[in-house]
Amino acid sequence: EIRPEEVAKRWDMRNICTFTIDPKDAKDFDDALSIQKLENGNWQIGVHIADVSHYVRPGTLLDDEAYDRATSVYLVDRVVPMLPEVLSNGVCSLRPNEDKYTFSAVFEMDDQAKVKKQWFGRTVTHSDRRFTYEEAQERIETKEGDYQEEINKLDDLAKILRKERIADGAITFDRSEVRFNLDADGNPIGVYFKISKDSNHLIEEFMLLANRKVSEFVSLNKRNEPSHNTFIYRVHEDPDPTKLNALRDFVGNFGYKMNLANAKTTTESMNKLLQEVKGKAEENMIETLAMRSMSKAKYTTESLGHYGLGFEYYSHFTSPIRRYPDV
C-alpha cells in the first residue's frame with residue numbers, strides 16, 4: 001500500500017497527466033511518461049521508473065535471489081521473472097489507475113527539446129492510461145483519440161532529440177525483430193516482424209535522455225568529489241578496426257562504399273550504408289554483419305562512453321523490474 005509517511009518524503013506527481021506505452025503482450029511496466037505545460041510556455045516532462053529498490057533491500061533473500069538471476073528471461077510464450085510476480089507484475093509495475101512509488105527524472109524542456117532544468121529523485125505517480133505501441137502510433141498518425149495532444153507533443157520532442165543524436169554520431173540500427181503468434185496451448189500459428197515506428201522511438205528517446213542525463217549528473221559530481229560511491233555504466237566501446245575493414249571489403253562487393261578514416265566518417269558511413277540497404281535483397285545480411293562488427297555493450301563501473309549512441313556518459317536504470325544492474 002502507498003503510505004502517507006512515505007508519500008511525505010517524495011514529490012507527489014499523481015495529479016499530472018501520466019501514461020505508459022508498451023508492447024501489447026507486456027506484463028511488467030517499468031516506465032511511464034508524464035507531460036505538463038508550464039506557465040512560461042515550456043514543458044515539464046517526467047520519465048518515471050518503478051522504484052524497485054524501495055522493496056528490494058540489500059542483504060535480504062529477495063535481493064540475493066534477484067542478484068543471482070541478474071535478469072528476467074523472455075521466452076516465446078512466457079517470462080521467467082527476476083523478481084517474484086507479486087512485485088514484477090503487481091506492486092512495482094506501473095499499472096493504470098494505481099498509485100505507485102517511482103524514481104523519476106523530470107525535465108523542463110522548450111519547444112526545441114532543449115533541457116532548461118532537471119531534477120532527479122523519488123516520486124509518487126499515477127498512470128492514467130496504458131497504451132500499446134499500436135494505440136500510441138494511431139494517435140500520432142491520425143491526430144485523434146484520447147491523449148493525442150500529449151502523445152503528439154512528446155513525439156515532436158522525441159523526433160528533435162533523435163535527429164540531434166544522429167547528428168552527434170549515433171548509429172541507427174533499426175532491426176526488425178521476429179515474433180510469433182501462439183494459440184491457446186502455446187503452439188506457434190504464425191510469424192510476424194516487429195517493426196520500430198514513431199511510438200517506439202518516442203519511448204526510446206526519453207529513456208535515453210533520462211539514462212544519459214542521470215549518468216552525466218553523477219559522473220560530473222564524481223569528478224569534483226572522487227571519493228563518491230561507485231556507479232554502474234552501460235558502455236559500448238569502439239568497434240574493432242579489423243572487423244570494420246572486413247565489413248567494408250564485403251559490402252564493396254555489392255557496390256557500397258565506407259570511409260573508415262576516423263570515428264566521424266565511420267559513423268556517417270555506417271548510417272549511410274544502413275539507409276542504402278533498406279528494402280534491398282541483401283538488407284538483412286548486411287545489417288546483421290554491420291551489427292556484428294560492433295563491440296558488445298556491457299555493464300561496468302568504468303565510464304568508457306557509448307559508441308553506438310554517441311554518448312560520453314551513459315547508464316541504464318530504466319528497467320529495474322527485469323535487470324539487476326538497473327536496480
Side-chain angles (χ1 to χ4, degrees), residues 1-3 6 9-10 20 22-23 25-32 47-95 98 100-105 120-125 203-204 206-219 221-222 225-237 295-306 308-309 311 313-327:
E1 58 192 27
I2 301 296
R3 297 172 185 274
E6 181 60 34
K9 300 175 196 167
R10 297 167 176 259
T20 59
D22 288 279
D25 56 356
K27 302 281 193 299
D28 48 20
F29 310 126
D30 279 296
D31 48 73
V47 181
H48 308 288
I49 313 301
D51 189 1
V52 174
S53 57
H54 177 78
Y55 300 96
V56 180
R57 298 296 173 89
T60 59
L61 283 171
L62 191 58
D63 185 53
D64 292 345
E65 185 70 20
Y67 180 89
D68 281 345
R69 290 175 179 228
T71 64
S72 294
V73 180
Y74 289 79
L75 304 173
V76 173
D77 63 337
R78 76 197 69 188
V79 179
V80 182
M82 176 178 83
L83 299 171
E85 227 164 297
V86 65
L87 288 179
S88 63
N89 289 10
V91 178
C92 295
S93 187
L94 306 184
R95 300 191 298 193
E98 295 180 12
K100 296 289 177 179
Y101 294 142
T102 37
F103 204 106
S104 304
F120 309 117
R122 288 190 154 87
T123 50
V124 188
T125 50
I203 291 296
E204 182 184 23
F206 283 106
M207 296 309 133
L208 290 177
L209 179 69
N211 284 326
R212 174 166 61 99
K213 290 294 187 185
V214 164
S215 196
E216 284 174 3
F217 174 76
V218 173
S219 301
N221 278 350
K222 274 175 72 169
E225 210 181 311
S227 61
H228 202 284
N229 288 340
T230 303
F231 195 60
I232 296 179
Y233 297 93
R234 176 84 171 160
V235 306
H236 185 230
E237 295 177 73
S295 303
K296 282 202 169 112
K298 62 183 182 184
Y299 290 98
T300 171
T301 53
E302 287 179 82
S303 178
L304 303 171
H306 199 294
L309 295 172
F311 294 157
Y313 299 106
Y314 187 65
S315 297
H316 204 304
F317 75 99
T318 47
S319 305
I321 288 175
R322 58 195 179 90
R323 290 176 166 181
Y324 191 81
D326 293 36
V327 182

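Quick note: residue numbers are just sequence positions, from 1.
- For Y101, the ring pair (Phe, Tyr, Trp, His ring centres under 6.0 Å) criterion is met by H54, not counting sequence neighbours.
- Looking at residues two or more places apart in sequence or on another chain, you find no ring pair (Phe, Tyr, Trp, His ring centres under 6.0 Å) involving Y55.
- Annotation: ring pair (Phe, Tyr, Trp, His ring centres under 6.0 Å) contacts of Y233 (sequence neighbours excluded): F231.
- A heavy-atom distance below 4.5 Å is found between the side chains of Y314 and L208.
- With sequence neighbours left out, T125 forms a side-chain hydrogen bond (donor to acceptor under 3.5 Å, both in side chains) with T102.
- Between atom NZ of residue K9 and atom CZ of residue R3 there is a gap of 10.5 Å, rounded to the nearest 0.5 Å.
- A side-chain donor-acceptor contact under 3.5 Å links S295 to the backbone of E237.
- Listed by chain and number, the residues in a side-chain hydrogen bond (donor to acceptor under 3.5 Å, both in side chains) with R234 amount to none (sequence neighbours excluded).
- The distance from the CG atom of D22 to the CG atom of D31 is 6.0 Å, given to the nearest 0.5 Å.
- Residues passing the side-chain contact (heavy atoms from CB on, under 4.5 Å) test with S53, sequence neighbours excluded: D51, R122, V327.
- Looking at residues two or more places apart in sequence or on another chain, you find a side-chain hydrogen bond (donor to acceptor under 3.5 Å, both in side chains) between D28 and Y74.
- Annotation: the span from T301 atom OG1 to I232 atom CD1 amounts to 8.0 Å, rounded to 0.5 Å.
- A tilted orientation is assigned to the rings of H236 and H306, their planes being inclined by 30° to 60°.
- Looking at residues two or more places apart in sequence or on another chain, you find no side-chain contact (heavy atoms from CB on, under 4.5 Å) involving A70.
- You'll find the side chain of F120 reaches within 4.5 Å of the side chain of K213, heavy atoms only.
- The line from OG of S93 to CG of D30 is 7.5 Å long, rounded to the nearest 0.5 Å.
- Contact check for K298 versus V235: side-chain heavy atoms found under the 4.5 Å cut-off.
- Remark: K27 pairs with N89 by the side-chain contact (heavy atoms from CB on, under 4.5 Å) rule, at least two apart or across chains.
- With sequence neighbours excluded, no residue forms a ring pair (Phe, Tyr, Trp, His ring centres under 6.0 Å) with H48.
- Judged by distance alone, with hydrogens and angles left aside, the side-chain atoms of K100 form no donor-acceptor pair with the main-chain N or O of V124 at under 3.5 Å.
- Within the model, atoms CD1 of I49 and OG1 of T318 stand 5.5 Å from one another, a figure rounded to the nearest 0.5 Å.
- Enclosure of atom CZ in R57 by more than 12 non-hydrogen atoms of other residues, nucleotides or ligands within 6.0 angstrom is indicated.
- Judged as a side-chain contact (heavy atoms from CB on, under 4.5 Å), and not counting sequence neighbours, the contacts of D326 are Y299, H316, S319, P320, R323.
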*Does the side chain to side chain contact (heavy atoms under 4.5 Å, CB included) test come out yes or no for S315 and V214, once each step is laid out?*
CA-CA 7 Å; S315 297; V214 164; 5.6 Å; no
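- Looking only at side-chain heavy atoms (C-beta outward), L209 and V47 stay at 4.5 Å or farther from each other.
- Atom CZ in F317 sits 8.5 Å away from atom CE in M207 (nearest 0.5 Å).
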Just distance, no hydrogens or angles: give the donor-acceptor pairs under 3.5 Å from side chains in residues 61-68, sequence neighbours left out.
residue	atom	partner	partner atom	Å
D63	OD1	Y324	OH	2.6
D63	OD2	Y324	OH	3.4
E65	OE2	R69	NE	3.0
E65	OE2	R69	NH2	3.4

